[in-house]
Asks: 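Before anything else, here's the structure in question.
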Amino acid sequence: MISIPVELKDRSYDVDIESHSLERAGVALASLGSVSRVLLVMDDNVEPLYGERVSSAIVDRGLDLDVVVIPAGEESKSIDVAYSLWEHFLDCGADRHSVAVALGGGVVGDLTGFVAATYQRGIRFYQIPTTLLAQVDSSVGGKTAIDLPKGKNMVGAFYQPSGVMIDPEVLQSLPDDQYRSGLGEVIKYGASLDKTFFETLEKQVEQINARDSDILGKIVAQCCRLKAKIVAEDEKEISGRRAVLNYGHTFGHAIETTLGYGTIPHGFGVSIGSILAARLAARLASKGDKRFNSIDETWINRQIELTQKLHLPAFLADLGRRFGDSPETSPQRLVELMSTDKKTEFGKLNFILPTSLGECVYLRGIAPEDVLAVLT
Ligand code: GLY
């Protein structure tokens, strides 16, 4: 087992990565101590795959269990579904010693975390992520939320889990697009934070495409290590350090929004957005900003090559090829959307930009003309 500590004083916890660990869910939950009841939340995609295995592991350990199955999809990150979970928790007698467990992807994790953060002013919660995206990103770091009709993740809390258990074997059952989507975040970690990791990914393309569980366990572990370090430095995204986890996301979110959430997997927006961010850095270099001197065509092509070898879209035009219709992604509309992004401050465009392979900076106040230029 690889165990990665997330060091946050009294809110510290471990991310445990081990093949076939779903069977150990009961042991892990019991070890939290004083558990009156386990509230297992999953969606109707995950329930037939892993519901029985995890439920049995919990009951076999002698813990009282209640199971809630919610509809799969982003629509479940709503106040209505949160309300139904609060009611369910109350009806089944959940108290301050109960533990809510999120078994699933980012939607189930974000929703369950938010409900746990607010039910009876906060009960413990535990993450068992089953998508690559959730394993490398959303299950670690305590961002919990539901959506409002006008924006994703608009209501929520920073609320750390009591633990995260990752079984890389579950990645074998992921649909191809969801697997690739997680790889978009994996490349992000290498390109923006860890040169050696990026180079390892370049060498392991074949095993990654074949979903080699051993390699995937190590990849997930490195992503969690990188994320844990940053979360420990800036848990609530105040200093700007945590914002570097959003490399590729400013462009990515705008692309996702203009197409309609759910039209493309999140990681596809991130992979295209990361390359656009690199182009933006190269443009700033060409205009005299020395910080971005290393970001040239060679650097950008290396990122494009890895992206394409992992069968991810590198360009906006690739989306049209993948999804049939030519998507409506006018540069002006994208810039407009970026200006209203949750991460915008004082109306300025802010980006995480690469400075060299494995390094990046958070740059505020970029002129919309420069952004428009890289989109056209
Ligand atoms: N997904 C970015 C973060 O957790 O901060």
Side-chain angles (χ1 to χ4, degrees), residues 4-8 11-13 15 74 77 102 104-114 116-117 125 127 129 131-147 151-161 163-164 166 178 181-194 197 219-257 261 265-274 277 338 341-345 350-354 360-362:
I4 294 154
V6 184
E7 281 163 13
L8 290 164
R11 296 174 316 292
S12 297
Y13 55 96
V15 179
E74 186 72 28
K77 271 175 71 174
V107 168
V108 167
D110 286 8
L111 170 77
T112 307
F114 174 66
F125 96 106
Q127 293 264 23
T131 65
L132 182 56
L133 200 92
Q135 293 189 349
V136 299
D137 185 25
S138 61
S139 68
V140 179
K143 278 190 177 175
T144 75
I146 56 172
D147 301 335
K152 256 171 73 88
N153 298 327
M154 283 295 160
V155 179
F158 285 96
Y159 192 70
Q160 299 297 337
V164 182
I166 296 179
Q178 274 199 47
S181 176
L183 291 177
E185 294 279 357
V186 171
I187 298 175
K188 170 204 83 173
Y189 280 107
S192 60
L193 293 170
D194 188 343
F197 183 48
I219 287 173
V220 169
Q222 186 55 12
C223 295
C224 290
R225 234 173 251 124
L226 291 164
K227 181 153 186 184
K229 185 168 181 298
I230 285 171
V231 168
E233 286 166 15
D234 182 24
E235 181 187 5
K236 299 198 173 165
E237 212 164 307
I238 291 167
S239 72
R241 181 69 185 135
R242 184 163 179 164
V244 299
L245 294 169
N246 293 320
Y247 176 53
H249 284 61
T250 313
F251 282 111
H253 277 152
I255 296 166
E256 282 184 81
T257 309
Y261 270 109
H266 173 69
F268 288 16
V270 173
S271 67
I272 297 168
S274 303
M338 284 180 245
D341 190 278
K342 183 155 49 68
K343 294 187 170 59
T344 304
E345 293 167 335
N350 304 326
F351 287 87
I352 315 303
L353 298 180
C360 62
V361 286
Y362 182 32

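When a ligand or atom number is given, it counts from 1 through the structure's own listing order.
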Asks: Contact between Ile166 and Pro129 at the side-chain level, heavy atoms closer than 4.5 Å - yes or no?
Replies: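 In short, these two side chains touch, coming nearer than 4.5 Å.
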Asks: Counting from 1, what ligand 1 atoms have a heavy atom of Asp137 closer than 4.0 Å?
Replies: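 Matching atoms, with element in brackets: 1 (N), 2 (C), 4 (O).
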Asks: Could you tell me if the side chain of Leu111 sits less than 4.5 Å from the side chain of Ile146, heavy atoms only?
Replies: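 A side-chain contact exists here, since the closest heavy-atom pair is under 4.5 Å.
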Asks: Can an N or O of Asn246 be found at a distance shorter than 3.5 Å from an N or O of ligand 1?
Replies: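 No; every N/O pair is 3.5 Å or more apart.
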Asks: Is any side-chain heavy atom of Tyr189 closer than 4.5 Å to one of Asp194?
Replies: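 SC-SC contact between Asp194 and Tyr189 ruled out.
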Asks: In the protein, which heavy atom is nearest to atom 4 (O) of ligand 1, and how far is it?
Replies: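 Nearest neighbour among protein heavy atoms for atom 4 (O) of ligand 1, to 0.1 Å: Lys227 NZ, 2.6 Å.
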Asks: Taking the side chain as everything from C-beta on, heavy atoms only, tell me whether Ile352 gets closer than 4.5 Å to Val361.
Replies: no
Asks: Measure the distances from the heavy atoms of His249 to every atom of ligand 1 and state whether one is below 4.0 angstrom.
Replies: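 His249 does not count as a contact of ligand 1 under the 4.0 Å cut-off.
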Asks: Write out the residue and atom name of the closest protein heavy atom to atom 5 (O) of ligand 1, then the distance separating them to 0.1 Å.
Replies: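 Ranking protein heavy atoms by distance from atom 5 (O) of ligand 1, first comes Arg242 NE, 2.7 Å.
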Asks: Taking the side chain as every heavy atom from C-beta outward, state whether Val155 and Phe114 have any atom pair closer than 4.5 Å.
Replies: yes
